[in-house]
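First comes the structure, then the notes that go with it.
Numbers here are sequence positions counted from 1.
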Amino acid sequence: ISFTVGEDSYMVDSNKVEMDGIPFIYNDRIMIPLRYAAEALQMKVEFDDESQIATFKDEIKTIKINVVTGETTINDHPFEGDTPPQLINDRTYISIGSLAEALGMTREKVDSGNDLSWNQETRTATITKEVK
């Protein structure tokens, strides 16, 4: 899955997917629309309007983010990412690094199967994860 700063689409494998949010840089971190990344990773996504908590989960992890306070838990254990989540135009943005860390991925380890990489020239962040 690849997200490019300023682009209103992302790539899943070689398929282009449109989205209504645009990745941006905040505090030297690329912020991506959480729902699109989670769904591309085949995670179930829910949002509770009353509590303002976004939940995304797979068979192993349940990650909850309070979009007002930024409080985040993984399987009910507190988690602090590298940048607090942002709520912009009713869309929750998360640092792609925080997402990768929350999912137990590595950074820049070629061929690990669970990578997060950044291409400075194209301003593109890529998550490589094998999904079923």
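Within 6.0 Å of CD on E39 lie more than 12 heavy atoms contributed by other residues, nucleotides or ligands. Other residues, nucleotides and ligands contribute over 12 non-hydrogen atoms within 6.0 Å of the CD atom of E18.
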Practice item. Under the side chain to side chain contact (heavy atoms under 4.5 Å, CB included) rule, what do K64 and F56 come out as? Steps first, then yes or no, please. Key: CA-CA 7 Å; K64 294 183 179 186; F56 54 110; over 6 Å; no

**Study point:** L41 vs I127, side chain to side chain contact (heavy atoms under 4.5 Å, CB included): CA-CA, chis, key distance, verdict
**Key:** CA-CA 9 Å; L41 292 167; I127 292 175; 4.2 Å; yes

Point to revise | CA sep, side-chain torsions, deciding dist, call: D8, D20, side chain to side chain contact (heavy atoms under 4.5 Å, CB included) | key: CA-CA 6 Å; D8 64 354; D20 63 0; over 6 Å; no

Point to revise | Residue pair T122, T4: steps toward the side chain to side chain contact (heavy atoms under 4.5 Å, CB included) verdict | key: CA-CA 7 Å; T122 63; T4 301; 5.6 Å; no

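The main-chain N or O of K44 is never found under 3.5 Å from a side-chain atom of E46 such that the two would form a donor-acceptor pair. Of the possible donor and acceptor atoms, none in the side chain of N27 sits under 3.5 Å from a partner among the backbone N and O of R29.
Across all their heavy atoms, N66 and S51 have their closest contact at ND2-O, 3.8 Å. A pairwise comparison of heavy atoms in K61 and L103 identifies NZ-C, 3.6 Å as the closest pair. Contact record, P33 with P23: CD-CG, 4.4 Å, taken as the closest heavy-atom pair.
Remark: F3 CZ to I30 CD1 distance equals 8.5 Å, nearest 0.5 Å. Taking OG1 of T62 as the reference point, atom CE of M43 lies at 8.0 Å (rounded to 0.5 Å). For the atom pair T124 OG1 and Y10 OH, the distance stands at 15.0 Å (nearest 0.5 Å). A distance of 9.5 Å separates CZ of R91 from CE of M19, quoted to the nearest 0.5 Å. Rounded to the nearest 0.5 Å, atoms CD1 (I1) and CG (L99) are 8.0 Å apart. The structure places OG of S95 at 8.0 Å from CD1 of I32, a figure rounded to the nearest 0.5 Å.
Put simply, the side chain of V67 does not reach to within 4.5 Å of the side chain of P85, judged on heavy atoms.
No path of Ile, Leu, Val, Met, Phe, Trp and Tyr side chains, each step under 4.5 Å between heavy atoms, connects I53 with L34, placing them in separate hydrophobic clusters. A single hydrophobic cluster is seen to contain both I94 and V45, as judged by linkage of ILVMFWY side chains at heavy-atom distances under 4.5 Å, directly or through other members. Residues I96 and V12 are members of one and the same hydrophobic cluster, defined by side-chain heavy-atom contacts under 4.5 angstrom among Ile, Leu, Val, Met, Phe, Trp and Tyr.
Through side-chain heavy atoms spaced under 4.5 Å, either directly or across other Ile, Leu, Val, Met, Phe, Trp or Tyr residues, I88 is tied to F24, Y26, M31, Y93.
Exactly one of D13, T126, T128 qualifies for a side chain to side chain donor-acceptor pair (under 3.5 Å) with S2. That residue is T126.
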